[in-house]
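Got a structure here, written out as structure tokens. Questions coming.
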Amino acid sequence: MSRPVRRQLGFTLVEVLVAVLVFGLVAAITYGGLDALTQASGEHTTRANEFAELQRAVAALDRDLRQLVSRPVRQADNSIAPALAAQVNGFAATRAGWVNPGSQRRGQLQRFAWQLQGEQLIR
């Protein structure tokens, strides 16, 4: 008499170990890729914020320089300062365009100064 052939109903231990090994390799590769993307995203955000600060500074400097007026100003000690006074690391000037929403009696000229301190540009 011949014996009936039994069908397997599960996986062998070797098959399970191979599947776990393959899953572990795929997970490790995926984690490395996601970690690199996270670091790149953080670096990109930092650089984008620094560039936005630079753009704001350039826009403010551009507005000031476009509205320069050639008019000397009287200082608090009654001396007269030139319309544009430059130093080694900065300059001071007079600009127009000072908004007066309350229509008060005052001039529309404003004194401003830009100065470079270290690596910072300060208005």
Side-chain angles (χ1 to χ4, degrees):
M1 268 190 116
S2 67
R3 294 174 114 184
V5 177
R6 279 183 60 186
R7 294 173 51 196
Q8 282 186 333
L9 299 176
F11 296 106
T12 65
L13 180 60
V14 173
E15 292 171 334
V16 170
L17 289 176
V18 169
V20 168
L21 178 68
V22 169
F23 178 76
L25 289 173
V26 170
I29 291 171
T30 303
Y31 177 76
L34 288 176
D35 186 46
L37 284 175
T38 303
Q39 289 177 357
S41 173
E43 194 172 308
H44 174 71
T45 301
T46 302
R47 288 187 183 193
N49 290 339
E50 290 173 355
F51 188 65
E53 288 177 13
L54 178 64
Q55 284 181 319
R56 282 192 296 272
V58 168
L61 182 60
D62 181 59
R63 279 192 310 270
D64 284 345
L65 294 177
R66 286 181 187 270
Q67 295 179 0
L68 280 177
V69 292
S70 179
R71 181 171 175 196
V73 293
R74 185 172 303 274
Q75 297 179 342
D77 62 354
N78 281 336
S79 65
I80 294 182
L84 177 63
Q87 299 99 21
V88 173
N89 60 350
F91 67 96
T94 305
R95 66 172 276 194
W98 192 9
V99 181
N100 189 4
S103 297
Q104 298 173 352
R105 289 183 45 113
R106 65 171 173 84
Q108 293 185 355
L109 300 180
Q110 183 180 23
R111 194 74 175 166
F112 69 93
W114 286 87
Q115 188 172 14
L116 185 63
Q117 291 181 350
E119 292 185 7
Q120 286 189 323
L121 187 61
I122 298 172
R123 183 173 191 262

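When a residue number appears, it is its place in the shown sequence, counting from 1.
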Leu68, Val58: one ILVMFWY side-chain cluster at the under-4.5 Å cut-off?
-> no
Out of curiosity, Ile29 CD1 to Leu34 CG, how far, rounded to the nearest 0.5 Å?
-> 12.0 Å
Is there any side-chain hydrogen bond (donor to acceptor under 3.5 Å, both in side chains) pair reaching into residues 49-64, and which pairs are they, with sequence neighbours excluded?
-> Asp62-Arg66, Asp64-Arg95, Asp64-Trp114, Asp64-Arg123
Is the shortest heavy-atom distance from the side chain of Leu61 to the side chain of Phe112 under 4.5 Å?
->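 Leu61 vs Phe112: side chains apart.
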With sequence neighbours left out, which residue pairs that include part of residues 79-90 fulfil the side-chain hydrogen bond (donor to acceptor under 3.5 Å, both in side chains) condition?
->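 Pairs touching residues 79-90 that pass the test: Gln75-Ser79, Asp77-Ser79.
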Tell me whether Val14 is reachable from Val22 by hopping between hydrophobic residues (I, L, V, M, F, W, Y) whose side-chain heavy atoms are closer than 4.5 Å.
-> yes
Rounded to the nearest 0.5 angstrom, the OH-OG1 distance for Tyr31 and Thr38 is 8.5 Å
Do Leu65 and Val69 belong together in a cluster built from hydrophobic side chains that touch within less than 4.5 Å?
->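 No, it is not one cluster - the side chains of Leu65 and Val69 are not joined through contacts under 4.5 Å.
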Would you check if the side chain of Glu15 reaches a backbone N or O of Thr12 as a donor-acceptor pair within less than 3.5 Å?
->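 Flag set: sc Glu15 to bb Thr12 pair under 3.5 Å.
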Please report the closest heavy-atom contact between Ala85 and Arg111, naming both atoms and the distance.
->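 What the structure gives for the nearest pair is CB-NH2, 4.4 Å.
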